[in-house]
Amino acid sequence: MAQYMFLLFDTEEWYDNVTPADWQEAMKLHGAFSEAVEKAGARILGGEALERSSTASTVKQREGSEPLVTDGPFLETKEALGGFYIIEARDLDQALELAKLCPAGNVEVRPVMDTSADSGPQA
């Protein structure tokens, strides 16, 4: 089975007004997603929610200079990376079907690269 990373993007405004009840409902939705993944014969290998993008730091590599460390995300966006899952699925089609069930505004699905000695980037 192949591995896929689900990158969960959404606006961060929700966090400004989230109540304990809202938080519990969101956790129920993610629990239901986990159950749907298992029911489909796939597995969640890992995943976490991330703190707000305002807590991020970015390290930018610069040729011939020391890396530059800045506060916040490198790119200005309306939506921020809020969490991720690592999913083991039969194939991309199954991963995309599972992503449709994920309770996030936008889910970027990306195959995990096999970095073993005999493999490399796939075209």
Side-chain angles (χ1 to χ4, degrees):
M1 292 187 60
Q3 293 180 10
Y4 298 89
M5 177 170 258
F6 286 18
L7 300 163
L8 313 182
F9 290 91
D10 218 330
T11 65
E12 294 185 304
E13 294 169 358
W14 182 77
Y15 293 101
D16 295 336
N17 301 306
V18 66
T19 65
D22 293 336
W23 183 259
Q24 289 303 316
E25 182 60 28
M27 293 303 98
K28 280 185 190 178
L29 292 172
H30 282 277
F33 171 69
S34 296
E35 290 174 12
V37 169
E38 294 291 326
K39 187 176 179 182
R43 292 188 324 154
I44 295 176
L45 301 178
E48 296 293 338
L50 301 175
E51 292 288 346
R52 294 179 68 127
S53 62
S54 60
T55 67
S57 297
T58 298
V59 177
K60 182 177 180 181
Q61 300 295 336
R62 302 182 302 167
E63 192 171 324
S65 297
E66 287 292 314
L68 176 65
V69 179
T70 60
D71 291 335
F74 183 64
L75 298 173
E76 191 68 32
T77 63
K78 292 182 180 182
E79 295 177 332
L81 178 62
F84 66 93
Y85 286 106
I86 302 291
I87 304 286
E88 187 174 63
R90 277 190 315 273
D91 53 27
L92 179 59
D93 290 335
Q94 183 183 35
L96 293 173
E97 287 303 311
L98 293 170
K100 292 176 184 178
L101 302 175
C102 188
N106 294 288
V107 180
E108 180 179 332
V109 177
R110 231 189 254 195
V112 173
M113 184 185 296
D114 180 358
T115 58
S116 65
D118 296 335
S119 297
Q122 303 297 310

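This is a predicted model, so every value here is computed, not measured.
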Q.
Quick one: does any side-chain atom of D10 pair with a main-chain N or O of A104 as donor and acceptor, under 3.5 Å?
A.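 Judged by distance alone, no pair lies under 3.5 Å.
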
Q.
Tell me if a side-chain donor or acceptor on E12 pairs with a main-chain N or O of S53 at a distance below 3.5 Å.
A. yes

Are [X] and [Y] connected, step by step, through hydrophobic side chains (Ile, Leu, Val, Met, Phe, Trp, Tyr) whose heavy atoms are closer than 4.5 Å?
X    : Y    : answer
F9   : L50  : yes
V37  : F84  : no
L81  : V109 : no
I44  : M5   : no
V112 : F6   : no

Q | Contact check, side chains of Y4 and L96, non-hydrogen atoms, under 4.5 Å | A | no

Kindly compute the distance separating [atom1] ([X]) from [atom2] ([Y]), expressed to the nearest 0.5 Å.
X   : Y    : atom1 : atom2 : result
M27 : D22  : CE    : CG    : 11.0 Å
L98 : Y85  : CG    : OH    : 11.5 Å
S34 : L101 : OG    : CG    : 11.5 Å
L29 : Q24  : CG    : CD    : 11.5 Å
I86 : Q3   : CD1   : CD    : 7.0 Å
L68 : T58  : CG    : OG1   : 9.5 Å

Q: Can you see which heavy atom on P67 is nearest to which on Q61, and at what distance?
A: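 For P67 and Q61, the tightest heavy-atom pair comes out as CG-OE1, 3.4 Å.
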
Q: Would you name the heavy atoms of M1 and R90 that are closest together and state the gap between them?
A: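 So the two residues come closest at CE-N, 3.4 Å.
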
Q) Just wondering, are more than 12 heavy atoms of other shown residues or ligands nearer than 6.0 Å to CD in E51? A) no

Q) Should we say atom CZ of R110 is surrounded by more than 12 heavy atoms from elsewhere, each under 6.0 Å from it? A)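 No, CZ of R110 has 12 or fewer neighbouring heavy atoms, counting only those of other groups under 6.0 Å.
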
Q.
Apply side-chain contact (heavy atoms from CB on, under 4.5 Å) to residues L8 and H30 and explain how you reach the verdict.
A. CA-CA 12 Å; L8 313 182; H30 282 277; 4.1 Å; yes

